[in-house]
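What follows is a short report on a single structure.
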Amino acid sequence: MSNIEQTLSIIKPDAVERNLSENIKNIFTKNDLKIKENKKIHITKDEAAEFYKVHQSKPFYNDLCAYLSSGPIIVMILEGENAVLVNRKLMGATNPLDAEENTIRKLYGISIDKNSVHGSDSIDNAKKEIEFFFKN
Ligand code: CDP
Ligand code: MG
């Protein structure tokens, strides 16, 4: 049975800045994730704080929000079979040092904070995150 899902992907400032967007998009499309929406934006720290509010109690929250708003990002809706999980697998572990070979974070991540991509971690969060960036 088919299980087509949508998930939110963000190419973070460190990767946009190093012109890695096309390489990263190619990894998605080669793995059967279609890019349904795609826009380059520069969000404010307040918007980043809203987006990442699930992490507000974490020690890294302030730096994380400052970072995501530090430069242009590319936000995308990815669609495909089991898209949420497939995207998380393609991204690799949060810390690039722990990420498997050929994952985006292993290939391109600089550090646990500058780890090149964000991806929704559940169907529920994917819906909320898509709404956050693509519905007014
Ligand atoms: O992005 P992912 O879902 O893999 O990780 P998370 O646990 O939801 O954390 C969100 C983001 O916070 C990560 O992608 C990192 O950029 C950042 N983070 C950090 O800077 N330091 C940590 N110790 C953990 C996460
Ligand atoms: Mg997460």
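Counting starts at 1 for both ligands and their atoms, following the listed order.
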Check: Which of the numbered atoms in ligand 1 are below 4.0 angstrom from a heavy atom of Arg105?
Finding: 1 (O), 2 (P), 4 (O), 14 (O)
Next item on the list: Pick out which of Ile43, Asp113, Thr44 makes a side chain to side chain contact (heavy atoms under 4.5 Å, CB included) with Leu68.
Entry: Ile43
Notebook entry, point to check: Any nitrogen or oxygen of Ile112, main chain or side chain, under 3.5 Å from a nitrogen or oxygen of ligand 1?
Noted result: yes
Next item on the list: Carefully, step by step, assess Lys53 and Glu50 under the rule salt bridge (Lys or Arg N to Asp or Glu O under 4.0 Å).
Entry: CA-CA 5 Å; Lys53 68 174 182 236; Glu50 178 65 20; 2.9 Å; yes
Note to self: Between Lys36 and Met76, does the side chain to side chain contact (heavy atoms under 4.5 Å, CB included) criterion hold? Intermediate values first, please.
What the structure shows: CA-CA 7 Å; Lys36 300 290 282 188; Met76 292 166 287; over 6 Å; no
Next item on the list: Output the list of atoms in ligand 1 that are nearer than 4.0 Å to some heavy atom of Lys12, sorted by atom number.
Entry: 13 (C), 14 (O), 16 (O)
Checklist line | atom 4 (O) of ligand 1: nearest protein contact (heavy atom, Å) | finding: Thr94 OG1, 2.6 Å
Note to self: Testing the basics here: between Met91 and Gly119, what is the closest heavy-atom pair and its distance to 0.1 Å?
What the structure shows: CE-N, 3.3 Å
Next item on the list: For ligand 1, indicate whether the residue Lys114 contacts it via side chain, backbone, both or neither (heavy-atom separation under 4.0 Å).
Entry: neither
Check: In terms of residue, atom name and distance, what is the protein heavy atom nearest to atom 17 (C) of ligand 1?
Finding: Leu64 CD1, 3.7 Å
Margin query: Would Asp121 count as a contact residue for ligand 1, given that I'm defining contact as a non-hydrogen atom of the residue lying under 4.0 Å from a ligand atom?
Written below: no
Next item on the list: May I have the step-by-step check of salt bridge (Lys or Arg N to Asp or Glu O under 4.0 Å) for Lys106 and Glu101, ending in yes or no?
Entry: CA-CA 6 Å; Lys106 177 73 172 189; Glu101 290 302 319; 3.7 Å; yes
Margin query: So, regarding His118 and ligand 1 (criterion: nitrogen or oxygen to nitrogen or oxygen, under 3.5 Å), is there a contact or not?
Written below: no
Next item on the list: Heavy-atom distances under 4.0 Å are what count here, so tell me which part of His55 touches ligand 1: side chain, backbone, both or neither.
Entry: side chain
Note to self: Using the rule given for side chain to side chain contact (heavy atoms under 4.5 Å, CB included), can you reason through His42 versus Ile73, listing the C-alpha separation, both sets of side-chain angles and the distance that settles it, and then say yes or no?
What the structure shows: CA-CA 6 Å; His42 190 159; Ile73 59 174; over 6 Å; no
Next item on the list: Anything under 30° is parallel, anything over 60° is perpendicular, the rest tilted; go ahead and classify Phe132 against Phe51.
Entry: tilted
Notebook entry, point to check: According to a 4.5 Å side-chain heavy-atom criterion applied to Ile, Leu, Val, Met, Phe, Trp and Tyr, with indirect links allowed, do Ile77 and Val16 form part of one hydrophobic cluster?
Noted result: no
Item checked: Close-contact set for ligand 1 against Asn115 heavy atoms, below 4.0 Å -> 13 (C), 14 (O), 15 (C), 16 (O)
Check: For ligand 1, which atoms sit closer than 4.0 Å to a heavy atom of Asp113?
Finding: 16 (O), 20 (O)
Notebook entry, point to check: Any idea which protein heavy atom is nearest atom 24 (C) of ligand 1, and the distance to it?
Noted result: Phe60 CE2, 3.4 Å
Notebook entry, point to check: Which atoms from ligand 1 have a heavy atom of Arg88 less than 4.0 Å away?
Noted result: 2 (P), 3 (O), 4 (O)
Margin query: Restricting to non-hydrogen atoms, name the atom on Asp121 and the atom on Val84 that form the minimum distance, rounded to 0.1 Å.
Written below: C-CG1, 3.9 Å
Margin query: Please report whether ligand 1 has a polar contact with Tyr52, defined as an N or O pair separated by less than 3.5 Å (distance criterion only).
Written below: no
